[in-house]
Protein chains: 2
Amino acid sequence: MNISEVGKRSGLPPKTIRFYDDIGLIQPKRDTNGYRIFSESDLHRLAFLRRARALGFSVQECRQLLALYHDDTRASADVKALARTHLARIDQQLEELGQMRRTLADLIDSCAGDSRPDCPILRDLAR
Amino acid sequence: MNISEVGKRSGLPPKTIRFYDDIGLIQPKRDTNGYRIFSESDLHRLAFLRRARALGFSVQECRQLLALYHDDTRASADVKALARTHLARIDQQLEELGQMRRTLADLIDSCAGDSRPDCPILRDLAR
DNA sequence: CATGGCCCTTCCAGTTTGTGGAAGGTCAAG
DNA sequence: CTTGACCTTCCACAAACTGGAAGGGCCATG
């Protein structure tokens, strides 16, 4: 499989696949002309990566997840711990974002939004 | 006022203030020795920036907000439109993050988290 | 066989919003 | 005069790609 084929099948753009190769997340073989050759196993890793990234895991965490995945002697507790740490980070982001949203929505509600210059949003920022 | 003083008063680190100077968000005067000299007005702009950034506005949006703030003929509708666009972005992020959270929490719940290798989290990623 | 068009490669730069550090000038106190 | 705390600029790095340029490969058609 060449890179555009595996891109279609994994749902990742070729640029991203090259990037993952650069940082060692995959090690596809090379053809005599220098083209990358992807095995089913490479494709599998890439699809795994796409899903882990979609869940918001960092690339470093994806590296760890892949390592755990390929370790038959892993403890599921280790995977769960990784996921819990990530969940805590998501919860923190949700809280911060929610606070922003509340403040911003209040300010928007209090602004007339007409042609006059008076604006509670700017007044609050300049407070 | 020198940079560390205005840093304390605005709540921004000197490095960040220099950065805002570099990108033209502020234009402090310079002393004969090359040191930046900050006026009350510079301080005010920096505090404004800190609060706008804390609400999640991008640096570009902060630039526009500052321009609106200093424009006596602005329409509050323009400020409100900027804020609404930003709010929509926050809502989108909240939704994406909420979806991630749900999926991740479900996976975590389904994982025994013991010393055995079997793990629904990895199974889902490898699906 | 040459040409076109699409694929592949590497390398460099840019994105965003700063942060860390090095090298060197300045200033006030002792 | 020295010491320590400032200040300056400049370069590099962070995350996770994305865009583009320059150059080579491969296949099919004329």
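Chain naming here is simple, since letters A, B, ... match the order of the sequence lines and numbering starts at 1 in each.
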Using whole Å, what does the distance between atom [atom2] of nucleotide [N] and atom [atom1] of [X] come to?
X	N	atom1	atom2	value
Phe57(A)	dC17(D)	CZ	C1'	20 Å
Asp31(B)	dC6(D)	CG	C1'	13 Å
Glu5(A)	dC6(C)	CD	P	18 Å
Ile3(A)	dC26(D)	CD1	P	16 Å
Gln93(A)	dA15(D)	CD	C1'	13 Å
Phe38(B)	dT8(D)	CZ	C1'	12 Å
Lys8(A)	dC8(C)	NZ	C1'	13 Å
Asp22(A)	dT10(C)	CG	C1'	9 Å

Would you please name every residue forming a side-chain hydrogen bond (donor to acceptor under 3.5 Å, both in side chains) with Thr32(B), sequence neighbours left out?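 Checked Thr32(B) against side-chain hydrogen bond (donor to acceptor under 3.5 Å, both in side chains); zero matches.
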Do [X] side-chain atoms and [Y] backbone N/O form a donor-acceptor pair below 3.5 Å?
X	Y	value
Arg30(A)	Tyr35(A)	no
Ser76(B)	Gly113(A)	yes
Asn2(A)	Glu5(A)	yes

Between [X] and [N], does any side-chain N or O lie under 4.0 Å from OP1 or OP2?
X	N	result
Ser4(B)	dC7(D)	yes
Arg30(A)	dT10(C)	yes
Tyr20(A)	dA16(D)	no
Arg53(A)	dC17(D)	yes
Arg18(A)	dT9(C)	yes
Thr16(A)	dA16(D)	no
Arg36(A)	dT10(C)	yes

Report which part of the nucleic acid Pro13(B) touches: base, sugar-phosphate, or nothing (heavy-atom distance under 4.0 Å, all strands).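 Sugar-phosphate contact only.
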Between Arg102(A) and Gln99(A), is there a side-chain donor-acceptor contact under 3.5 Å, judged purely by atom types and distance?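 Checked: Gln99(A)/Arg102(A) side chains pair up, N/O donor to acceptor below 3.5 Å.
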Just checking, any donor-acceptor pair under 3.5 angstrom between side chains of Asp106(B) and Thr103(B)? no
Winner on side-chain proximity to Phe19(B), out of dG18(C), dC17(D), dT10(C), is dG18(C)
Under 4.0 Å between a Lys/Arg side-chain N and an Asp/Glu carboxylate O for Arg36(A) and Asp31(A)? no
Annotated protein contacts, base or backbone, on nucleotides 21-26 of chain C with a non-hydrogen cut-off under 4.0 Å, one of B, S, - each: B---BB
